[in-house]
Amino acid sequence: MKKKLALISSIFIGMAPTCLLADESNLYFSGSIGGSQIGDIDVVGVNSDIEFDAGTSFDIGLGYDFGKTRLEASWQRHQTDGASWLGFSIEADVVSDSILGALYYDFRDEKKWSPFIGALLGSSSVEIDGVSETSFTYGVGWGIAYETSPTTDIFFKGQTVVFDQLDYPAIEVSDANATSGTIGLRYKF
């Protein structure tokens, strides 16, 4: 786990000089909001999955646009307030907060529309009814952006993140995930 956290720290430290020394017109701020679904969780030693209700997702980020590639650091939240396990409905507040570093590739061709795809690495804190656990996180992002002006894009983004290992006092969870679909704004400054 320490090696994974060191890798994540290296990514963010490596991104900082690029963003600080960058041409101002290539720096951008982004934010988006939408829906999310936390994937079913296999509980080790139990023959029934925990299934979560649909919830909300939002994120904010700061990035640098190199042209066809972008580096972005972001904070992302997934949350839901309901689940079912062993046939029973459970009122369970589940919140995941992730700090992610991403490398995106934009399929631009001097047009207003730009599909994109990216890889994500980071760390997440997943809290279930007040009990929190931290995990190495990785995932993919994809979407399409529309340039409304030279400084502003509107985008739809989908992301799936995987929480590598979560060790709660009563249960051990591996390869949990959350998928989100959000709409947002990217502003260059």
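Heavy atoms only: backbone and side chains are in, while hydrogens, waters and symmetry mates are out.
By the criterion of side-chain heavy atoms lying less than 4.5 angstrom apart, applied directly or through intervening Ile, Leu, Val, Met, Phe, Trp or Tyr residues, Ile60 is grouped together with Leu62 in one hydrophobic cluster. Linking Ile, Leu, Val, Met, Phe, Trp and Tyr whenever their side-chain heavy atoms come within less than 4.5 Å leaves Tyr105 and Leu103 in two separate clusters. At a threshold of 4.5 Å between side-chain heavy atoms, the hydrophobic network of Ile, Leu, Val, Met, Phe, Trp and Tyr places Leu185 and Phe29 in two separate groups. Put simply, Ile33 and Phe156 are part of two different groups of oily side chains (I, L, V, M, F, W, Y) that touch within less than 4.5 Å, one to the next. Cluster annotation: Trp113 and Tyr28 are assigned to distinct hydrophobic clusters (Ile/Leu/Val/Met/Phe/Trp/Tyr, side-chain heavy-atom contacts under 4.5 Å, transitive).
Around the NZ atom of Lys111, the shell of radius 6.0 Å holds no more than 12 heavy atoms that belong to other residues, nucleotides or ligands.
By the 4.5 Å heavy-atom criterion applied to side chains, Tyr187 and Thr151 are counted as neighbours. Side-chain contact between Thr160 and Trp142 is present, with at least one heavy-atom pair separated by less than 4.5 Å.
The aromatic rings of Phe155 and Phe116 lie perpendicular to each other, with more than 60° between the two planes, well past the 30° mark.
Judged purely by atom type and a 3.5 angstrom limit, Thr69 has no side-chain atom pairing as donor or acceptor with the backbone of Tyr104. A donor-acceptor pair under 3.5 Å links the side-chain atoms of Arg108 to the main chain of Gly67, judged by distance alone. Put simply, the side chain of Asp93 never gets that close to the backbone of Asp81: no donor and acceptor are under 3.5 Å apart.
A donor atom on one side chain and an acceptor atom on the other are found under 3.5 Å apart for Ser124 and Ser98.
Residue Phe163 holds its CZ atom at 7.5 Å from CG of Asn177, rounded to the nearest 0.5 Å. Distance check, rounded to the nearest 0.5 Å: CG of Asp97 to OG1 of Thr134 gives 10.5 Å. Rounded to the nearest 0.5 angstrom, Asp153 CG and Glu147 CD are separated by 6.0 Å. The distance from the OG1 atom of Thr137 to the CG atom of Leu120 is 10.0 Å, given to the nearest 0.5 Å. Taken from OG in Ser123 to CG in Asp164, the straight-line distance is 11.0 Å, to the nearest 0.5 Å. To the nearest 0.5 Å, atoms CG (Leu121) and CD1 (Ile99) are separated by 13.5 Å.
Between Arg70 and Asp65 there is no salt bridge, since none of the side-chain N atoms of the basic residue sits less than 4.0 Å from a carboxylate O of the acidic one.
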Trace of the side-chain contact (heavy atoms from CB on, under 4.5 Å) decision for Gln37 with Phe52: CA-CA 7 Å; Gln37 181 65 54; Phe52 294 94; 4.2 Å; yes
Stepwise side chain to side chain donor-acceptor pair (under 3.5 Å) check, Thr182 with Ser57: CA-CA 7 Å; Thr182 60; Ser57 178; over 6 Å; no
Check against side-chain contact (heavy atoms from CB on, under 4.5 Å), Val126 and Ser135: CA-CA 8 Å; Val126 182; Ser135 172; 5.6 Å; no
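For the pair Phe107 and Ile117, the tightest heavy-atom approach, listed with the atom from each and the gap, is CE1-CG2, 3.8 Å. Considering every non-hydrogen atom in both Leu166 and Ala176, the closest pair reads CD1-CB, 4.4 Å.
Paired with Ser36 under the rule side-chain contact (heavy atoms from CB on, under 4.5 Å), one option of His78, Gln76, Arg77 passes, and it is His78.
Here Trp75 and Phe58 bring their ring centres to under 6.0 angstrom of each other.
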